[in-house]
Amino acid sequence: MLVWSPEGKCLKWRQKKLPKDSKGQKPEYAPMDILEREFELSQILPGSSLDVELIDAGVSRRIFYGGLFRYNYYISDGIADSAVAPINTEWLENVVFLVEA
């Protein structure tokens, strides 16, 4: 999970504490071979900036891919287009104004 740094200078990764199930085990994501097959065109290359960032944050590739897999489901299958509100152009203009060029 990305959080604002205590120094207030940047976003940093923080591991989310997952709830334990009835057996006292943390919930697991899909097996790594399934996740790698799903993201075969989007592999994290060893030594890449994302790889280094995940190592620094202590986030395994399985957890990272599992999160992407879950959010991809919500975007593609989980939420009907009719349930999503249209973008308010005024909000978009305000966000663009806040982003430095």
Side-chain angles (χ1 to χ4, degrees):
M1 158 174 26
L2 282 173
V3 295
W4 192 249
S5 71
E7 303 86 25
K9 295 181 180 178
C10 62
L11 291 171
K12 291 187 173 186
W13 285 101
R14 183 179 80 191
Q15 283 190 322
K16 183 178 180 181
K17 294 183 180 181
L18 299 174
K20 293 185 177 185
D21 65 11
S22 60
K23 297 177 186 172
Q25 300 292 321
K26 290 185 178 181
E28 294 289 334
Y29 290 109
M32 194 62 189
D33 60 328
I34 293 174
L35 294 174
E36 284 180 348
R37 203 172 328 123
E38 182 70 24
F39 294 102
E40 70 181 329
L41 300 176
S42 312
Q43 291 292 315
I44 299 171
L45 300 175
S48 67
S49 58
L50 180 56
D51 185 43
V52 171
E53 192 172 341
L54 291 174
I55 291 168
D56 288 345
V59 176
S60 71
R61 289 181 184 204
R62 184 175 185 199
I63 291 173
F64 183 75
Y65 283 139
L68 289 179
F69 188 72
R70 183 180 64 232
Y71 291 123
N72 185 45
Y73 165 76
Y74 291 140
I75 291 169
S76 60
D77 300 324
I79 301 173
D81 292 341
S82 60
V84 178
I87 294 176
N88 184 332
T89 55
E90 186 176 325
W91 295 346
L92 185 59
E93 289 169 2
N94 289 339
V95 168
V96 171
F97 178 75
L98 294 173
V99 175
E100 294 182 28

*Asks:* Is it the case that atom CG in Leu92 sees more than 12 heavy atoms from other parts of the structure closer than 6.0 Å?
*Replies:*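 Enclosed.
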*Asks:* Please examine the side chains of Glu53 and Val59, heavy atoms only from C-beta on, and report whether any two atoms are closer than 4.5 Å.
*Replies:*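 No, side chains not in contact.
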*Asks:* How would you list, by chain and number, every residue that makes a side chain to side chain contact (heavy atoms under 4.5 Å, CB included) with Asn94, sequence neighbours excluded?
*Replies:* Glu90
*Asks:* How are the rings of Tyr65 and Phe39 set relative to one another: parallel (under 30°), tilted (30 to 60°) or perpendicular (over 60°)?
*Replies:*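 Because their plane-to-plane angle is under 30°, the rings of Tyr65 and Phe39 count as parallel.
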*Asks:* Looking at residues at least two apart in the chain, or sitting in another chain, which of them share a side chain to side chain contact (heavy atoms under 4.5 Å, CB included) with Leu50?
*Replies:*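 Here the qualifying residues are Ile44, Ser48, Leu54, Phe64.
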